[in-house]
Amino acid sequence: MPELPEVETVVRGLARRLPGRRFARVDLHRADLRAPLPPGLKAKLEGRFIERIDRRGKYILIHCDDGGVILAHLGMSGRMVLHDPGDGWRRAKHDHVVFTLDDGTILSFNDARRFGTLDHIDAAALDDHKLLRHMGPEPLGNSFNGPNLARALAGKKTSIKAALLDQRIVAGLGNIYVCESLYWAGLSPRRLAGTVQGARAEALARAIRETLRRAIAAGGSSLRDYVQTSGELGYFQHQWAVYGKQGGTCPRCAEAGKSACIKRIVQSARSTFYCARCQR
DNA sequence: ACGAGAACCTGTTTGC
DNA sequence: TGCAAACAGGTTCTCG
């Protein structure tokens with residue numbers, strides 16, 4: 001489920017419901033997530049008011065009134081699920097941490113594969129946190145542009161596909177949006193990362209921003225209650241140009257009346273989809 | 001130091 | 001239909 005646009009959608013959903021509420025009760029049902037839950041989490045949270053919800057890369061940040069911050073990562077299968085007060089909620093399979101708010105709303109952190117993480121730290125230490133310290137720029141932020149991306153890629157011998165999955169280069173991209181961004185930038189996923197300079201880096205930075213912006217718009221407009229529901233994929237899946245479409249025809253080739261062009265290859269043990277004609 | 005691949009864990013889809 | 005293999009949106013560790 002979660003790359004940057006999905007996490008952003010979750011954050012927006014939480015931001016509509018959580019601020020101003022208080023954690024009445026926190027229940028830890030399973031502590032062995034990707035990293036162990038921080039000691040004393042329950043005591044640190046119960047009674048605290050929630051001030052605001054932020055995002056950094058794929059991390060969800062829940063700020064509390066005592067300066068404490070919950071840091072949550074959804075991994076591959078994690079979800080934040082909200083239940084209205086009095087809707088007969090019962091703990092579901094893989095509900096590892098359950099937050100009960102003062103108005104009876106239930107927020108559950110559910111993660112079948114347990115690749116997700118939850119941590120709790122002081123807001124003052126946020127930038128130094130080991131999970132955030134080396135994270136690259138926000139792709140929708142001001143410091144992300146062609147020249148800065150080119151600098152980050154300079155000298156890199158790995159493929160551009162692998163480089164964009166590296167959260168130190170740019171924050172928040174995952175397998176789907178890397179494939180989609182490379183398609184719109186017209187760059188082959190096999191291209192050496194270090195060769196993406198100048199106009200190519202400019203095109204890639206623009207493609208990344210545009211792809212994410214469109215995905216957030218699709219998730220945000222169509223999944224108003226995203227965090228309350230099953231955590232299914234958002235509607236942007238219907239706008240994928242190449243991801244999951246091996247054997248098909250990409251939008252540009254289809255427009256030009258050309259034959260099937262989309263290939264699937266495996267790079268660093270993960271599927272890559274691309275147009276063999278448009279991407280160089 | 002860097003890059004590729006394995007490992008982590010469970011659920012769903014695909015293929016015989 | 002049944003069972004096994006392949007695959008899944010992420011990150012981190014190990015090995016060469």
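We name chains A, B, ... by the order of the sequence lines, and we start the count at 1 in each one. Every value quoted in this text rests on a predicted model; they were computed, and no experiment measured them.
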Original post:
If you measure only the distance, is there a donor-acceptor pair under 3.5 Å linking the side chains of A/Ser181 and A/Arg209?
Top reply: no
Original post:
Hey, is the side chain of A/Lys157 poking within less than 4.0 Å of OP1 or OP2 on B/dA1, counting only N and O atoms?
Top reply: no
**OP:** Examine C/dA8: is either OP1 or OP2 under 4.0 Å from a nitrogen or oxygen in the side chain of A/Ser271? Give yes or no.
**Re:** yes
**OP:** Figure out the CG/C1' separation between A/Leu131 and C/dG10, and round it to whole Å.
**Re:** 12 Å
Original post:
Between C/dG10 and A/His73, is there an OP1 or OP2 to side-chain N/O distance shorter than 4.0 Å?
Top reply: no
Subject >> A/Lys42 NZ: over 12 foreign heavy atoms closer than 6.0 Å >> reply: yes
**OP:** Compare the minimum distances between each of C/dG10, C/dT11, B/dA4 and the side chain of A/Gln167, then state the nucleotide with the smallest one.
**Re:** C/dT11
**OP:** Examine B/dT10: is either OP1 or OP2 under 4.0 Å from a nitrogen or oxygen in the side chain of A/Lys93? Give yes or no.
**Re:** no
Subject >> Whole-Å distance separating the NE2 atom of A/His94 from the C1' atom of B/dT12 >> reply: 12 Å
Subject >> Whole angstrom value for the distance that separates P of B/dT10 from CG of A/Leu74 >> reply: 18 Å
Original post:
Do A/Ser159 and A/Arg190 have side-chain atoms, one donor and one acceptor, less than 3.5 Å apart?
Top reply: no
Subject >> Under-4.0 Å side-chain N/O to phosphate OP1/OP2 contact, A/Lys156 with B/dC2 >> reply: no
**OP:** Side-chain contact test, heavy atoms from C-beta onward, threshold under 4.5 Å: evaluate it for A/Cys278 versus A/Cys253 and give yes or no.
**Re:** yes
Original post:
Roughly, in whole Å, what's the span from CG in A/Leu192 to P in B/dA4?
Top reply: 9 Å
Original post:
How far, in whole Å, is B/dC9 from C/dC3 if one measures between their P atoms?
Top reply: 25 Å
**OP:** Rounded to the nearest 0.5 Å, what's the gap from OG1 on A/Thr117 to OH on A/Tyr59? Could you check?
**Re:** 5.0 Å
**OP:** Identify all stems in which DNA chain C takes part, counting only runs of at least 3 consecutive pairs (Watson-Crick or G-U wobble, each distance under 3.5 Å), and give each as one range with another, ordered by first number.
**Re:** B:2-8 with C:10-16, B:10-16 with C:2-8
Show each protein N/O and nucleotides 5-9 of chain B N/O combination with a separation under 3.5 Å, one pair to a line.
| unit_1 | atom_1 | unit_2 | atom_2 | d |
| --- | --- | --- | --- | --- |
| B/dC9 | O3' | A/Arg114 | NH2 | 2.7 |
| B/dC9 | O2 | A/Arg113 | NE | 2.9 |
| B/dC9 | N3 | A/Arg113 | NH2 | 3.3 |

Original post:
Any side-chain donor-acceptor pair under 3.5 Å between A/Tyr177 and A/Glu6?
Top reply: yes
